[in-house]
There are 2 protein chains.
Amino acid sequence: MLQQLNKEVLLKRKEALEQVIKRRFIYQPAFSLYGGVAGLYDYGPVGCAIKTNIEQYWREHFIIEEDLFEIAATILTPEPVLKASGHVDRFTDLLVCDSKTGTGYRADKIVTETLENRIAKEGDKLAADVKARYLLVIKDVDTFKEDKMKEIIAELQIKAPETGNDLTDPTPFNLMLPTIIGPSTKLPAYLRPETAQGMFLNFARLLEQNGGRVPFGAAQIGLGFRNEIAPRGGLLRCREFQMAEIEYFVDPNEKSTFKKFNKYINLEIPLLSRQLQADAKLHQPYKMGDAVKEGIINNETLAYFICRTYLYLVEIGINPINIRFRQHQADEMAHYSSDCWDAEIEMSSGWVECVGLADRSAYDLNAHSTATGQKLQAARKFKVPQPRQVIQIILDKQKIGKELKKDGMTLIKYVEALPDDEKQELSEYFQTHEEKVFNIDGKDLKLNRQLVKFEQKTMNVMEEKFIPHVIEPAFGIGRILQAIIEHSFNQRDDPQKTYFKFSPRVAPVKCSILSVVQNEEFDIVIQELTSSLKKLGISCKTDNAGVALGKKYARTDEIGIPFAITVDKETLTTQSITLREIETTKQVRVPIVEVPRLILELSNGLILWTDVLNKYPLFAAKEEDA
Amino acid sequence: MLQQLNKEVLLKRKEALEQVIKRRFIYQPAFSLYGGVAGLYDYGPVGCAIKTNIEQYWREHFIIEEDLFEIAATILTPEPVLKASGHVDRFTDLLVCDSKTGTGYRADKIVTETLENRIAKEGDKLAADVKARYLLVIKDVDTFKEDKMKEIIAELQIKAPETGNDLTDPTPFNLMLPTIIGPSTKLPAYLRPETAQGMFLNFARLLEQNGGRVPFGAAQIGLGFRNEIAPRGGLLRCREFQMAEIEYFVDPNEKSTFKKFNKYINLEIPLLSRQLQADAKLHQPYKMGDAVKEGIINNETLAYFICRTYLYLVEIGINPINIRFRQHQADEMAHYSSDCWDAEIEMSSGWVECVGLADRSAYDLNAHSTATGQKLQAARKFKVPQPRQVIQIILDKQKIGKELKKDGMTLIKYVEALPDDEKQELSEYFQTHEEKVFNIDGKDLKLNRQLVKFEQKTMNVMEEKFIPHVIEPAFGIGRILQAIIEHSFNQRDDPQKTYFKFSPRVAPVKCSILSVVQNEEFDIVIQELTSSLKKLGISCKTDNAGVALGKKYARTDEIGIPFAITVDKETLTTQSITLREIETTKQVRVPIVEVPRLILELSNGLILWTDVLNKYPLFAAKEEDA
């Protein structure tokens, strides 16, 4: 049965959860010994194992299931790449500084916080129109450009919060972390702000691996870096963060129909469309087939990945009731994007964007083509010849021959063999230029525009080139991990007894092996069991300390180990152990020989705890009193 | 049967291998579209999957087996951390530049190359004593400091290779990539040069997770960055590279004996000890128990990890004959290190260091303790009280009370409760200082040295504090991957038909699913099989193209898919397929229902191909002629 979670429930539990996060080192601020650095976190053993498991299941759910090409490109990225992608010029937040101390703030955040404080502080004393104005600014502030922001800061008298000093004019601050590669070349570079560019740059290589055909997808799991002005919210806004991204390349003519989407047309997913937002309404469930038919979601390919994302999130333990997909407003999307949806998850801090699903159109491949002069295209092959407008070049061969002598033929052959799009470019070029120089085999050969004519003609062709469009699902692993932790956290009747109800796939350790009392004979059994579990690659934790069994259960519950094996007196006579599940605390008696495979299948989701309850005799335990 | 590989065999195959690496995008230079950046490589789908599998098995072999605490610390590292660790001052290579063009070179490399070229070029014309001198320099050049390097460059007339210009004086060039964190604090930072520091900084948190007990180990898989002066050798010397490191914390009193080492005392491993190197001898196999007994390896803990490393390398497909462990020379080791061994693997470029195993003593914990004033210690608990020299503090309580009034008691209690090592420090402090100010609960309280005496006394104690020593196995994942690829690469009788004999665990894709001819009924079977394999998380690749079966086998062989399922006419009548293994190309007939689990168990190493051959009827294939 699903538990109804909402922000209030999550907030109530938050303090207890934070204690566990710290005490059991799930994650903690990095460099605490040195005073810490905002926005940097280290994952401890529990957090790291959950992260690995989320990633590994992402591989199964997306990469294996969709036959994606996983790559591992570099974090270090030379400047020209990020210049072409637009990051050098536009990947910025507006920065304002305290005019006296120099402390920096993110302009939109400081405006929001100041106005929220005023509303909270002045309460009913605040005039209704002023309050309405404040709320409107808060809603739109993250879309303000420099001038507008400056105007608002002046008009609303926003000051530095600690000192009350004036703020400097808002200036764009680039969020990329810079570095320099090499001792002598001193190549300016950045740490990648997203993993996506590595996949665009390898497009041609991957297309070749796919036999020249689209659609196909690239995938990458790795770190991104953003020099956030004001990191906050624990794992929610970090300067270094793990991402998992897919770039799914499609023929723009074919993205509306995606065969595999058929199986999900009746899947219901909560959507918060642009229209619902405009009407100030809540998200509501849509059948995905209808959402595409009604034009709410732009195309089936995008809708398919929304479905897959939803299923992934549910499978790894996010409460479905706390998931919604919010559509970007027109002014929120990048200009090249035709549709964009965020998977938002409700946490103690409200709804948090955890996955972005964008139709990036042909923007990125185009940008890198333009910057490098290398065509990043695929070919559309026809079964029967198709009529197409084709540009034809007619050269005055005689004059060219006269002018260039034997190089004339070289030039003629070269120009006639140009691909269609370059012929088109040449025709445009000659509209404003008198001549064009071609470097052919190291020789500069000049072509005068008087010697060439262009004609449009309809021809039957067997294929045509195009720049694929890209559907990009981008997952923030840290945020998803935070959501899993918040949604899985529970307290028993005694609120000190906390546990995580992780999906077994995601659980950091799959099972604990405990002894009911300290006993050397038990230890031998524990050792043998441990060894056979490890052989299957199952992570387990033994605890044969001389403390009460109830205490041992509490320890393993606290880090969400789903299954506990207990060795007791009966073990020695019947060669069986008891197996306990974390949420129900129910126990069954299982023959030792069957244990390793049972745990393996439970961990992989091949069988469920209910199957185990049906198969093995229940064991009446008194452990919880211990 | 093991194939005898050596540098010559590997070199012979290298050209064919490099073609495959490029054609099948195993890995390739990064940013080729933009002209490339030396020392940066992107892993394509095949390379990336192998990398993931190597890492995943590393987790099983080390983290799960040894109950290590895996963490994920940040790459961004503030400068003070790397100042304390010694990297800011000492993590350098000597750089020389062309005095006119400014091009930079690594001093040791340019000396080596110049002298090697002279030896090769002049051959017998070179005087014997000159040649001997050259060889000696080549052998020692990587240990030269600035002055010695300058002297050698002048003496041997080493010039810039491209221009013949003079070289500038050698200067240390720091190999860390710098960056700046934050818009206002502008914190100087570096990209970590190794993952180790993150584990040292989290020592106290991890010790707590282990109930305050040593030994325990931390582990981390992640990227390291080095701004190499002269990156080269493909994956062998990159500027961004994946590492897997263990920091195993031990009580220095106990590192000589390591219980689990017992099972490996008869394991034979090829060692190239310091002595063998001094005698100019080759490596030779030692029983590991003897190697420790004879003092060749410093302690059992270090020896245990050498054994585990050896077994790991063999298990993932490195040819055992091409593995040796080379001991560092005394002048090669860091000054704090008591013993250090490199796992070297023979590749086409010679013996390459792929894993470093160092006893780092207490150096790192000590360095961070000193820099931060936070004690990074563990406690040794005794079963029976032990006599220890203890420092006692005798305070003139009366005078302190008079001087500080009621704060006097606070100071007295505080000072008396200081841990032993701080009492010791205080006694040393008072040898040169008149007074010491303690900040207690926000209040500064002064203690004059006249009011305190120290006495050494023998007392029985139940525990004592110590700084753990660290055994560090550090794996270079890229180098290991390169070794696997080189050792696994093979050619059939037709050298165009290449394949990789990967261990199934490591293979990038576990099985291919092919049809003997294009046929819609076959396609349905292929789809069902694919879907049931994917449900088990098994990566597979289908190929129902209309080409000859032999060609399909060649394609999957080329990227080392160990098992191929073929759907043929008989499939439709007997519900069975043929299963082919890559190395033997033998085939058996297997019922479809048994296939998914069979592939899963083959992939995990739970069963071997020979088991399959014993169980299922051999199928006489004619495919290779196709």
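Chain letters run A, B, ... following the sequence lines, proteins first, then strands; residues in each count from 1. Small disclaimer: the values here were computed from a predicted structure and weren't measured.
Partner of A/Thr74 under the side chain to side chain contact (heavy atoms under 4.5 Å, CB included) criterion, out of B/Val37, B/Leu223, B/Leu40: B/Leu40 alone.
Listed options A/Gly211, A/Gly102, A/Pro78, A/Gly537 were ranked by heavy-atom pairs under 4.5 angstrom with chain B; first place goes to A/Pro78. Taking chain A as the reference chain and counting heavy-atom pairs below 4.5 Å, the highest number among B/Leu175, B/Asn202, B/Val46 is found for B/Asn202. Between chain B and the residues A/Thr542, A/Thr372, A/Asn604, the largest count of heavy-atom pairs under 4.5 Å involves A/Thr372. The candidate with the highest count of non-hydrogen atom pairs below 4.5 Å against chain A, out of B/Gln374, B/Glu60, B/Arg24, is B/Arg24. Per-residue heavy-atom pair counts under 4.5 Å with chain B were compared for A/Gly182, A/Gly104, A/Pro80, and the maximum is reached by A/Gly182. Between chain B and the options A/Leu68, A/Val509, A/Ile229, A/Asp98, the largest number of non-hydrogen pairs under 4.5 Å is found for A/Ile229. Options A/Phe25, A/Tyr41, A/Tyr27 differ in how many heavy-atom pairs under 4.5 Å they form with chain B, and the most are formed by A/Phe25. Across A/Thr52, A/Leu187, A/Ile180, the residue that shares the most heavy-atom pairs under 4.5 angstrom with chain B is A/Thr52.
Contacts between A/Arg59 and chain B at a heavy-atom distance below 4.5 Å involve the side chain alone, from C-beta outward. Heavy atoms closer than 4.5 Å to chain B are found nowhere in A/Gln220, neither backbone nor side chain. Heavy atoms closer than 4.5 Å to chain B are found nowhere in A/Gln197, neither backbone nor side chain. Neither the backbone nor the side chain of A/Ala49 has a heavy atom closer than 4.5 Å to any heavy atom of chain B. For a residue to count as touching a neighbouring chain, one of its non-hydrogen atoms must lie under 4.5 Å from one of that chain's; by this rule A/Glu601 touches chain B with the side chain only. Contacts of A/Ile181 with chain B are made by both backbone and side-chain atoms, with heavy-atom separations under 4.5 Å. For A/His368, the parts sitting under 4.5 Å from any heavy atom of chain B are the backbone and the side chain alike.
Under the ring-ring contact (aromatic ring centres under 6.0 Å, His included) criterion, B/Phe69 pairs with B/Phe216, sequence neighbours left out. In this structure B/Asp42 satisfies the salt bridge (Lys or Arg N to Asp or Glu O under 4.0 Å) test with no other residue, sequence neighbours excluded.
Residues A/Tyr43 and B/Glu70 have side chains not in contact (no heavy-atom distance under 4.5 Å, counting atoms from C-beta outward). Considering only heavy atoms from C-beta on, B/Leu376 comes within 4.5 Å of A/Leu33 through its side chain. Counting only heavy atoms from C-beta outward, the side chains of B/Ile75 and A/Leu191 never approach each other to under 4.5 Å. Proximity of B/Gln28 to A/Ile71: side-chain heavy atoms (C-beta onward) are nowhere separated by under 4.5 Å. For the pair B/Leu206 and A/Pro45, the minimum side-chain heavy-atom distance is below 4.5 Å. Taking 4.5 Å as the limit, every side-chain heavy atom of A/Thr179 sits out of range of all side-chain heavy atoms of B/Tyr190.
Rounding to the nearest 0.5 Å gives a distance of 7.0 Å between CG of A/Asp67 and SG of B/Cys540. Here the SG atom belonging to A/Cys48 is positioned 8.0 Å from the CD1 atom belonging to B/Ile221, to the nearest 0.5 angstrom. Taken from CZ in A/Arg23 to CZ in B/Arg205, the straight-line distance is 15.0 Å, to the nearest 0.5 Å. Rounding to the nearest 0.5 Å gives a distance of 6.0 Å between CG of B/Leu606 and CG of A/Leu536.
For A/Pro183 against B/Glu228, the heavy-atom pair with the smallest separation is CD-O, 4.2 Å. Nearest heavy-atom pair, B/Ala73 versus A/Glu240, reported as atom, atom and distance to 0.1 Å: O-OE2, 4.5 Å. Heavy atoms only, all atoms of each residue included: B/Ala84 and A/Tyr34 are closest at CB-OH, 3.2 Å. Nearest heavy-atom pair across A/Lys534 and B/Glu65 is NZ-O, 2.9 Å.
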* **Criterion side chain to side chain contact (heavy atoms under 4.5 Å, CB included) on B/Ile64 and A/Ile538, from CA distance to verdict** => CA-CA 7 Å; B/Ile64 292 185; A/Ile538 301 169; over 6 Å; no
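Dense packing is recorded around NZ of B/Lys375, with more than 12 heavy atoms of other residues, nucleotides or ligands lying under 6.0 Å away. In the displayed structure, A/Lys260 atom NZ is contacted under 6.0 Å by more than 12 heavy atoms of other residues, nucleotides or ligands. Within a 6.0 Å radius of NZ in B/Lys263, more than 12 heavy atoms belonging to other residues, nucleotides or ligands are found.
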